[in-house]
There are 2 protein chains.
Amino acid sequence: MNRRTTITDVARAAGVSVATVSKAINGRYGVSPDTLSHVMTVVEDLGYESSLVATSMRRRSTNVIGVLVAEFEPFALQLLRGVSAALEGTDYDVLAYAGSVSAGEHLGWERRSLSRLGGTLIDGAILVTPTTTRAETSVPIVAVDPHVGADGPATIGVANLEGARAATDHLISLGHRRIAHLRGRTDLESAQERERGYREALTAAGIPFDPALVVDGGYRAADSTAGAHAILDLPDTPTAVFAANDLSAIEMMRIATERGLRVPADLSVVGFDDILDAASHAPQLTTVRQPLPEMGTAAVRMLLDVLKGSDPEPVRMPTTLIVRESTAAPRQ
Amino acid sequence: MNRRTTITDVARAAGVSVATVSKAINGRYGVSPDTLSHVMTVVEDLGYESSLVATSMRRRSTNVIGVLVAEFEPFALQLLRGVSAALEGTDYDVLAYAGSVSAGEHLGWERRSLSRLGGTLIDGAILVTPTTTRAETSVPIVAVDPHVGADGPATIGVANLEGARAATDHLISLGHRRIAHLRGRTDLESAQERERGYREALTAAGIPFDPALVVDGGYRAADSTAGAHAILDLPDTPTAVFAANDLSAIEMMRIATERGLRVPADLSVVGFDDILDAASHAPQLTTVRQPLPEMGTAAVRMLLDVLKGSDPEPVRMPTTLIVRESTAAPRQ
DNA sequence: CTGTTAGCGCATTCAA
DNA sequence: TTGAATGCGCTAACAG
């Protein structure tokens with residue numbers, strides 16, 4: 001648990017000044033070849049590496065890209081995979097940060113995290129499903145699946161409405177008529193769009209919309225438990241559920257199974273996202289795929305563009321219905 | 001792209017000194033209730049949040065836990081999930097860092113990353129599959145699946161040998177006799193242990209060990225391609241392959257399929273890790289599960305213990321063989 | 001109770 | 001070519 005070796009240690013060991021070491025490391029002019037090689041040797045010996053913290057206080061850029069998330073859930077992790085892959089080979093490091101939103105916190109996690117890291121530590125940030133995209137930030141940002149709508153200049157969104165329609169159409173085409181919707185967080189645009197897609201599909205099929213069939217899930221497993229029960233407690237139990245995301249779909253299946261129902265024999269379930277858990281669940285979840293790694297890659301590309309000064313167009317990625325095992329025709 | 005609001009901005013807006021703002025924010029004594037509430041109002045208005053960087057330079061602790069990885073691959077991501085879950089509800093933030101190992105870098109990524117973040121930015125670090133566990137660090141560390149052996153004081157390891165034996169035993173029990181091993185990185189202890197488990201299983205079953213059947217894979221998909229081909233090019237082609245991890249197992253399946261073989265009809269494949277991709281692959285991969293999220297949780301618990309001053313015992317997690325679809329009896 | 005001062009580790013002037 | 005001084009945003013010790 002020793003102290004880090006600082007630039008001062010290197011300077012002392014090399015018998016030169018701190019400034020010389022700094023210049024040598026950063027390849028600035030004004031260091032004699034002899035001194036340079038000597039300093040570099042000492043640097044190697046001591047295993048010195050400049051402190052990100054100190055560097056970032058003085059320098060403009062740190063070559064670190066921040067990925068800011070509310071928490072490390074599967075959606076963000078899949079995205080991170082794409083981000084990491086896209087940055088492979090560049091000289092950027094990736095710093096993923098999950099800021100805890102301690103109770104009583106007024107600003108959203110994204111503002112808090114940006115405020116803490118921005119300006120200095122990171123050159124730019126990728127915000128994953130932020131609830132706000134206010135532009136008054138200190139570093140360039142790209143928002144992925146922002147919950148207020150993917151219409152900002154630097155945003156990566158997905159076709160929520162179309163995806164939700166496809167999911168619901170799929171259930172209808174299997175013969176389901178009584179289809180519940182385990183809704184996402186109602187304050188988020190993605191949830192609203194998915195609900196709209198659900199309703200549009202019903203309308204298009206001539207199925208009257210029943211408000212009782214829409215139950216709040218909130219996108220998180222723990223928040224979906226009550227909703228899942230509520231759906232199964234409905235009089236004239238629905239034969240199918242379109243859940244607003246995979247986590248709540250999986251929770252829906254868990255509760256259904258717990259209550260003795262079989263999926264898909266007694267209840268069909270469709271999710272949204274296609275996180276890896278969807279395919280590894282038993283039964284495998286039918287869902288609407290968002291191309292998460294590709295979205296991460298696109299976000300990186302967009303951020304690097306912004307960093308270069310350009311002003312990119314918003315990107316809207318397509319969704320694909322992935323039919324697996326959790327959906328089937330209703331029993332007669 | 002404005003400047004961040006700094007503590008100076010707040011001080012100026014509130015008409016007090018910087019020190020007073022600092023004290024108010026950090027709840028130190030010596031601020032009158034009036035001043036306090038006034039300052040806090042300004043803080044709210046301006047949306048001020050202290051810079052992690054600056055704070056960490058002056059303070060002992062930042063309440064940030066670092067998770068240091070070489071890259072964000074599935075193994076690390078699953079682990080991160082456990083880490084994140086374990087830190088939920090505490091007032092710790094999680095900072096996951098992937099340091100790019102630019103070519104010509106001599107120190108390992110873990111030393112580089114620790115050097116960059118350590119000392120100030122993070123209170124402690126969880127190193128994911130580090131190749132070294134040298135103790136000369138500036139912050140407490142816990143190593144997960146360290147590649148030099150899980151015998152350090154603060155390490156979380158898995159039963160590599162037993163897992164590898166189970167995997168190989170499974171193939172043998174299916175009737176395979178000619179079983180290849182797509183080995184991991186030979187400089188890493190985990191790879192050596194897995195190879196040992198493979199050999200022990202063969203020996204126990206009375207199958208002579210054939211060195212030609214062991215081919216290097218290197219744990220990464222890209223590094224396994226050549227090895228996968230090599231195995232299939234072997235005279236008297238093996239009927240089964242035990243790959244040192246899931247990524248190389250999946251690559252093995254990909255190459256086999258590409259060459260017209262069917263898995264498991266023509267070739268059985270077993271992996272190691274049970275990353276989520278294993279179960280979502282078609283055919284689903286038979287593999288040896290490491291309880292990754294639990295390992296992440298255990299790492300957090302251990303790190304918090306270390307932070308509290310205790311000196312924990314190393315933990316060795318059990319592995320479980322998960323039989324799925326990629327293994328079957330050999331054809332006659 | 002409040003403001004002033006020093007310094008964390010580093011990169012950047014500017015002077016020697 | 002080198003080195004001493006300066007300041008980044010912040011907190012802790014001290015002075016007022």
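Throughout, protein chains are lettered first and strands after them, A, B, ... in sequence-line order, and every chain is numbered starting at 1.
Not counting sequence neighbours, the partners of Asp187(B) by the salt bridge (charged side-chain N to carboxylate O under 4.0 Å, His left out) test are Arg185(B). By the side-chain contact (heavy atoms from CB on, under 4.5 Å) test, Ile25(B) is found to be paired with Val21(B), Val43(B), Tyr48(B), residues two or more places apart in sequence or in another chain being considered. The side-chain contact (heavy atoms from CB on, under 4.5 Å) search around Thr55(B) returns Ser50(B), Arg59(B), not counting sequence neighbours. With sequence neighbours left out, Arg12(B) forms a salt bridge (charged side-chain N to carboxylate O under 4.0 Å, His left out) with Asp9(B). Evaluation of the side-chain contact (heavy atoms from CB on, under 4.5 Å) rule for Ser310(A) yields Asp305(A) as partners, not counting sequence neighbours. For Glu73(B), there are no salt bridge (charged side-chain N to carboxylate O under 4.0 Å, His left out) partners two or more places apart in sequence or in a different chain. In this structure, Ala85(A) has no side-chain contact (heavy atoms from CB on, under 4.5 Å) partners at least two apart in sequence or on a different chain.
Note on Ser56(B): nothing from the nucleic acid sits closer than 4.0 angstrom, heavy atoms only.
Of all nucleotides in DNA chain C having an atom under 4.0 Å from a heavy atom of chain B, the first and last in 5' to 3' order are dC1(C) to dG9(C). Once you apply a 4.0 Å limit to the heavy atoms of chain A, the touched nucleotides of DNA chain D run 5' to 3' over dT1(D) to dG9(D).
Contact check for Ile122(A) versus Ile65(A): no side-chain heavy atoms found under the 4.5 Å cut-off. Two residues are said to be in side-chain contact when any heavy atoms from C-beta on lie closer than 4.5 Å; Val64(B) and Leu121(B) fail this criterion.
If you check residues 29-36 of chain A against DNA chain D, the residues with a heavy atom closer than 4.0 Å are Gly30(A), Val31(A), Ser32(A), Thr35(A), listed by number. Remark: Ala19(A), Ser22(A), Asn26(A) in residues 14-26 of chain A come within less than 4.0 Å of DNA chain C through at least one heavy atom.
Within the structure, the side chain to side chain donor-acceptor pair (under 3.5 Å) test picks out the following pairs touching residues 79-90 of chain B (sequence neighbours left out): Arg220(A)-Glu88(B), Asp277(A)-Arg81(B), Gln78(B)-Arg81(B).
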Give the intermediate values and the outcome of side chain to side chain donor-acceptor pair (under 3.5 Å) for residues Asp145(B) and Thr129(B). CA-CA 5 Å; Asp145(B) 192 22; Thr129(B) 60; 5.9 Å; no

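Atom CD1 of residue Ile126(A) and atom CG of residue Leu79(A) lie 7.5 Å apart, to the nearest 0.5 angstrom.
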